[in-house]
Amino acid sequence: MTSNQVPPVTGDLPPDAPRGLMARFRNYFLTGLVVAGPVAITLYLTWWFVNWVDNLVRPFVPSAYRPETYLPFGLPGSGLIVAVVALTLLGFLTANLIGRTLVDLGERLLGRIPAVRAIYRGLKQVFETLFSGNGSSFRRVGLVEFPSPGMWSIVLISQAPSAELAASFPGEEEHISVFLPCAPNPTTGFFFYVPKSKIIEIEMSTEDAATLIMSAGVVQPGTNDQKRAAALAGMANAARVANQASLQPATQPAPAKVD
């Protein structure tokens, strides 16, 4: 290999590699953004959640037991630790006979209040369904032809309707409840009942479905860490090749031989 040849590069490169200074700067900036962006957003959301729990729990903790009483600064996460310990202790007490008796007594008292009764029962059923170990709600992903024929939307499959509600549907076909998340905020969406034959269940985890919806289709399922790392390496490799090509002096044509 001569000195003016570009070394071979592994991986596929674009046909027209950018060669300008601004193009290389853009490639480096985008590579850094892809690496640092998810980390920064994850740390920010984690910090926000810890502070939210701390502010929620701190009023219930006496001043004598707060870390900032003895330290010149606050201790982030102390409220989260108190919340975890308190919830674990509550679950332990509820598991015995006395705890179950107190819980039943509280539920009977709430059941006597008309407005609170409906809210409490609905929230209790939701929490029991979501956090039960053997529940199947929102653990399956499917496709539904929505909002018009030929257009398909990702839905999270929930439970079948009750017998009273199923009897109200026209026809004899079995229906199932689904939740259609909206992009880019999957916590909002549409809830409706669909005939079971109209749902195409797909092999996709709920995490991949949420990522696909939040990214509006930019991040497709199957792009694992190895493929993302290869893409980043390809961008950096392309920038390096472009840099070497721009610094390489132009080859002069050989002088013509005179007889």
For Pro76, does its backbone N or O pair with a side-chain atom of Asp54 as donor and acceptor, under 3.5 Å? no

Grouping ILVMFWY residues whenever side-chain heavy atoms fall under 4.5 Å, the cluster of Val116 otherwise contains Leu110, Ile113, Tyr120

Taking Gly150's backbone N and O only, do any of them form a donor-acceptor pair with Glu145's side chain (distance below 3.5 Å, no angle check)? yes

Is there a chain of hydrophobic side chains (I, L, V, M, F, W, Y, each step under 4.5 Å between heavy atoms) that links Trp47 to Leu80? no

I'd like to check the side chain to side chain contact (heavy atoms under 4.5 Å, CB included) partners of Thr94; sequence neighbours left out, ordered by chain and number. Leu90, Val103

Considering residues at least two apart in sequence or located in another chain, which fulfil the ring pair (Phe, Tyr, Trp, His ring centres under 6.0 Å) criterion with Tyr193? Phe169, Phe191

Counting C-beta onward and ignoring hydrogens, is there a side-chain heavy-atom pair between Val194 and Phe146 closer than 4.5 Å? no

Please list, chain by chain and in numerical order, all residues satisfying side chain to side chain contact (heavy atoms under 4.5 Å, CB included) with Val82, sequence neighbours excluded. Val57, Val61

So do the side chains of Ile199 and Arg140 get within less than 4.5 Å of each other, counting heavy atoms only? no

Taking the side chain as every heavy atom from C-beta outward, state whether Leu212 and Asp208 have any atom pair closer than 4.5 Å. no

Check whether any side-chain N or O of Ser158 sits under 3.5 Å from a backbone N or O of Ser177 as a donor-acceptor pair, and report yes or no. no

Tyr44: which other cluster members, linking ILVMFWY side chains closer than 4.5 Å, directly or transitively? Ile41, Leu45

Just so I know, are the side chains of Leu156 and Val141 near enough to count as touching, which here means a heavy-atom distance under 4.5 Å? yes

Shared ILVMFWY cluster between Tyr65 and Leu89, side chains joined below 4.5 angstrom? no

Tell me, please, which residues at least two apart from Ser197 pass side chain to side chain contact (heavy atoms under 4.5 Å, CB included). Glu173, Pro195

Leu143, Met214: one ILVMFWY side-chain cluster at the under-4.5 Å cut-off? no

